Number of protein chains: 4
Amino acid sequence: MARVSDAHLEARRQSILAAATRVFAQKGIVAATMADIASEAGISPGAIYRYFPNKSDLARGCMNESNDSVRKAWANPETIEVSFSELAALTFSEINAPEERIDTQMFLERMLIAVREGDAGVVDEFRDEARRVAEGIAYLMEREFTTAGAGTDLKRLGLALFAFYWGSRLFRFIDPSSEPVELYGELETVLKQAFKQ
Amino acid sequence: MARVSDAHLEARRQSILAAATRVFAQKGIVAATMADIASEAGISPGAIYRYFPNKSDLARGCMNESNDSVRKAWANPETIEVSFSELAALTFSEINAPEERIDTQMFLERMLIAVREGDAGVVDEFRDEARRVAEGIAYLMEREFTTAGAGTDLKRLGLALFAFYWGSRLFRFIDPSSEPVELYGELETVLKQAFKQ
Amino acid sequence: MARVSDAHLEARRQSILAAATRVFAQKGIVAATMADIASEAGISPGAIYRYFPNKSDLARGCMNESNDSVRKAWANPETIEVSFSELAALTFSEINAPEERIDTQMFLERMLIAVREGDAGVVDEFRDEARRVAEGIAYLMEREFTTAGAGTDLKRLGLALFAFYWGSRLFRFIDPSSEPVELYGELETVLKQAFKQ
Amino acid sequence: MARVSDAHLEARRQSILAAATRVFAQKGIVAATMADIASEAGISPGAIYRYFPNKSDLARGCMNESNDSVRKAWANPETIEVSFSELAALTFSEINAPEERIDTQMFLERMLIAVREGDAGVVDEFRDEARRVAEGIAYLMEREFTTAGAGTDLKRLGLALFAFYWGSRLFRFIDPSSEPVELYGELETVLKQAFKQ
DNA sequence: TATGAATGAGGTTTCATTCAT
DNA sequence: CATGAATGAAACCTCATTCAT
């Protein structure tokens with residue numbers, strides 16, 4: 001089965017990643033076994049190791065899989081033609097997507113492990129993203145709410161909103177009947193009341 | 001061997017629980033070993049099994065241990081003489097306490113496991129607490145911000161603030177340099193701007 | 001099965017060591033499995049790990065087991081009342097003992113591994129022993145062959161004789177029909193011819 | 001695909017053998033992987049199996065590769081114009097050559113395996129070589145030391161010297177700071193003292 | 001022929017749990 | 001009642017070998 005095309009290799013890599021994500025999501029990273037993942041991916045355990053050096057890296061790979069185009073949008077707001085409210089509405093409605101559940105779980109597991117092991121890299125990465133998103137929020141709010149600057153540190157407010165975002169994801173994760181969009185709606189009302197006029 | 005008193009038994013049960021909580025918090029539930037816990041509790045591994053049928057039940061016991069008076073205050077606001085702002089300030093500054101870290105971790109682990117296992121009881125419990133806290137927030141906000149009712153569903157806003165609270169804890173958990181009090185301060189500014197006047 | 005006497009523990013440790021030595025000798029250190037050793041010792045694989053942290057240390061333990069009273073005698077010749085010839089005769093006849101076979105094998109395996117892994121500790125240990133034995137040989141030869149000093153560096157000759165000793169062990173190991181005593185006898189004749197008179 | 005010439009096939013076989021020898025020497029037979037060898041030989045793992053049925057046979061092939069002209073000289077002393085002392089000096093100085101290290105290791109591994117598996121063929125081969133070398137030594141000594149016959153069985157002495165030779169190689173293998181030439185020098189002094197005059 | 005992806009048995013090690021003392 | 005030695009079922013990972021391409 002040699003001399004396989006790169007496309008095939010990449011496809012297999014992705015299928016392993018997908019299978020691993022499913023298994024990790026169902027059993028948790030620690031409880032999931034490589035045999036589980038192999039079986040889910042329809043290959044042998046040994047084959048996984050041609051694509052990922054070990055379970056830990058596979059898990060990391062899964063976690064980075066989050067196709068967070070939305071979060072990237074927040075981090076680079078200049079590049080997009082969208083208002084704060086529009087992007088926020090999109091962001092919070094995305095939380096309801098089923099894939100998001102798995103992502104939330106992977107995120108939590110990853111952080112639990114990182115904190116436990118004192119993995120500064122992961123923490124730094126998180127802090128960086130938080131800062132970038134907060135700056136993006138500030139940028140978009142400034143564009144939307146002209147009076148926003150008065151008495152508020154917009155970047156810090158952005159951080160607070162990002163915290164709220166993760167809290168909403170956590171709530172939705174725990175309780176699927178939770179409605180992030182509604183929660184955000186309430187906060188938006190307050191924001192508009194505070195800034196507009 | 002003399003029959004040991006029930007009080008003694010209960011005391012030992014509690015000391016095991018306390019030791020387990022410490023160990024679980026430090027190593028995570030899966031990575032913590034019964035030997036670790038026994039050693040931390042100053043007894044033998046076998047002895048634990050006289051008090052808890054297995055590791056899983058021991059972990060469950062630990063997780064219910066959280067006894068945060070502050071969250072109880074939110075759930076029963078009529079019983080206390082404190083303003084929304086004061087209680088909020090207290091609540092967010094409490095997040096900085098070192099014990100809170102352990103609690104956050106146990107909470108996350110608990111939720112991860114509960115969701116994984118589809119443990120409806122834990123989820124219901126969480127939803128109930130969220131509702132009670134949201135109602136408490138609404139009650140206290142109404143008392144503090146007289147104009148708050150205008151155009152806002154205060155209970156829903158309470159839920160949003162509770163989500164923000166958990167997001168802040170999550171942030172602090174991941175990144176110890178995070179400052180929940182500051183984040184909250186920004187949000188409070190917005191709230192006051194929106195409601196006062 | 002708790003609260004076992006120290007004697008029992010030590011006995012078990014020794015029985016594991018003995019079993020491991022037998023298995024290592026039969027299969028070689030690398031090919032021998034912990035399951036083999038456990039089975040030979042009549043216990044479970046896990047039990048071994050209460051006595052030895054890992055396979056490598058277990059192997060090391062086996063190798064140090066060699067009850068080399070003879071080699072110790074060479075290293076401390078002042079403490080014993082024996083002539084060079086007598087001790088040499090004893091030494092080379094000991095090579096024929098069946099236990100020596102296993103010891104030779106363990107020694108060779110150990111050295112192969114040590115050299116491969118660049119384990120300086122083992123090499124140093126060997127060099128030290130060689131030096132001590134060589135000095136012992138020099139000491140005993142001086143006592144026996146009064147004219148030995150003439151034109152010969154006795155310590156270096158001691159080293160050469162130690163090399164001869166190991167060569168003889170190697171020969172006997174490879175070919176059980178080899179007769180170390182006879183080989184040594186021939187060398188002794190030469191030595192006596194050279195020194196006596 | 002054109003039929004590949006036998007010469008090409010044999011050349012490839014040899015290059016695999018050479019690569020395997022290098023890898024085995026560096027990592028040891030058990031620790032060396034077929035992938036290592038393939039990589040060293042610049043081919044694919046699968047290709048090796050066209051030339052050798054399995055790893056074990058490949059290792060066996062490597063071990064027979066030793067082609068030391070010096071030892072052949074000892075075995076056939078009539079064919080060469082060299083004195084005992086000269087050939088001995090050459091022999092022991094050759095031990096210092098880096099290639100010798102690999103050879104020593106392969107020899108030891110081979111013997112370890114042969115003894116383990118009761119491979120009489122290898123043992124017989126070794127015994128034969130030892131005998132031939134011993135006879136060669138006897139032949140050359142007789143030519144050099146006219147009085148050598150007196151009271152000494154020269155063939156047996158040759159065997160002893162061959163044992164010393166292997167001991168020296170073993171020493172040098174374990175401890176690269178060992179000096180076989182010096183060790184031999186001391187022994188030669190003794191021999192000359194015993195025989196000359 | 002050569003390739004190298006895939007297999008899958010098997011190795012070491014861990015640890016929840018049991019039970020003789 | 002407590003102890004802690006022992007069990008033994010997995011888990012992760014490696015690698016000799018096969019075989020589709």
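We use all heavy atoms of the structure for the numbers below, so side chains are in, but hydrogens, waters and symmetry mates are not. Proteins come first, then strands; the chains are lettered A, B, ... in the order of their sequence lines, and each starts at number 1. Computed from a predicted model, the values in this text were never measured in an experiment.
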For this session: Send over the distance from C:Arg13 CZ to F:dA5 C1', rounded to a whole Å.
Result: 16 Å
Exercise. Quick one: A:Tyr51 OH to E:dA6 C1', roughly how many Å, whole number?
Worked result: 8 Å
For this session: Take D:Arg12 and B:Ala35, find for each the nucleotide of DNA chain E with the closest heavy atom, and name the residue whose nucleotide sits nearer the 5' end.
Result: D:Arg12
Please list, pair by pair, any protein nitrogen or oxygen found under 3.5 Å from a nitrogen or oxygen in nucleotides 13-15 of chain F.
from: F:dC13; atom 1: OP2; to: A:Tyr49; atom 2: OH; distance (Å): 2.9
from: F:dC13; atom 1: OP2; to: A:Lys55; atom 2: N; distance (Å): 3.1

Seminar exercise, completed: Scanning all shown strands, the Watson-Crick or wobble mate of E:dT21 with both distances under 3.5 Å is F:dA2
Exercise. Do the side-chain N or O atoms of C:Ser44 get closer than 4.0 angstrom to the phosphate oxygens (OP1, OP2) of F:dT7?
Worked result: yes
Seminar exercise, completed: dist A:Ile48:CD1 -> A:Ile43:CD1 (nearest 0.5 Å) comes out at 5.0 Å
For this session: Please report, rounded to the nearest Å, how far the C1' atom of F:dA6 is from the CD1 atom of C:Ile16.
Result: 11 Å
For this session: Would you mind pulling out the nucleotide paired to F:dA11, Watson-Crick or G-U wobble, both distances under 3.5 Å?
Result: E:dT12
Problem set entry | Nearest atoms (heavy-atom pairs only) where D:Ala19 meets D:Glu40 | CB-CG, 3.5 Å
Exercise. Between C:Ile48 (CD1) and F:dA5 (P), how many Å, whole number?
Worked result: 16 Å
Problem set entry | Distance in Å, B:Gln105 CD paired with B:Lys27 NZ, rounded so as to fall on 0.5 Å steps | 12.5 Å
Exercise. Which value, rounded to the nearest 0.5 Å, describes the distance between A:Met111 atom CE and A:Phe126 atom CZ?
Worked result: 6.0 Å
Seminar exercise, completed: Rounded to whole Å, CD1 of A:Ile37 lies from P of F:dC12 at a distance of 8 Å
Exercise. Can you tell me if A:Asp36 and A:Thr33 form a side-chain donor-acceptor pair at under 3.5 Å?
Worked result: yes
For this session: Calculate, to the nearest 0.5 Å, the distance between atoms CZ and CG belonging to A:Phe173 and B:Leu112 respectively.
Result: 5.0 Å
Problem set entry | Close side-chain approach of D:Ile113 to D:Asp119, heavy-atom, < 4.5 Å | no
Exercise. How long is the line joining NE2 of C:His8 and C1' of E:dA20, in whole Å?
Worked result: 11 Å
For this session: Specify the residue among D:Gly42 and C:Asp36 whose closest nucleotide of DNA chain E lies further upstream toward the 5′ end.
Result: D:Gly42
Exercise. In whole angstroms, how far is the P atom of F:dC12 from the CZ atom of A:Phe52?
Worked result: 16 Å
Problem set entry | Whole-Å gap separating P (E:dG10) and NZ (C:Lys27) | 12 Å
Exercise. Are OP1 or OP2 of F:dA5 and a side-chain N or O of C:Arg50 less than 4.0 angstrom apart?
Worked result: yes
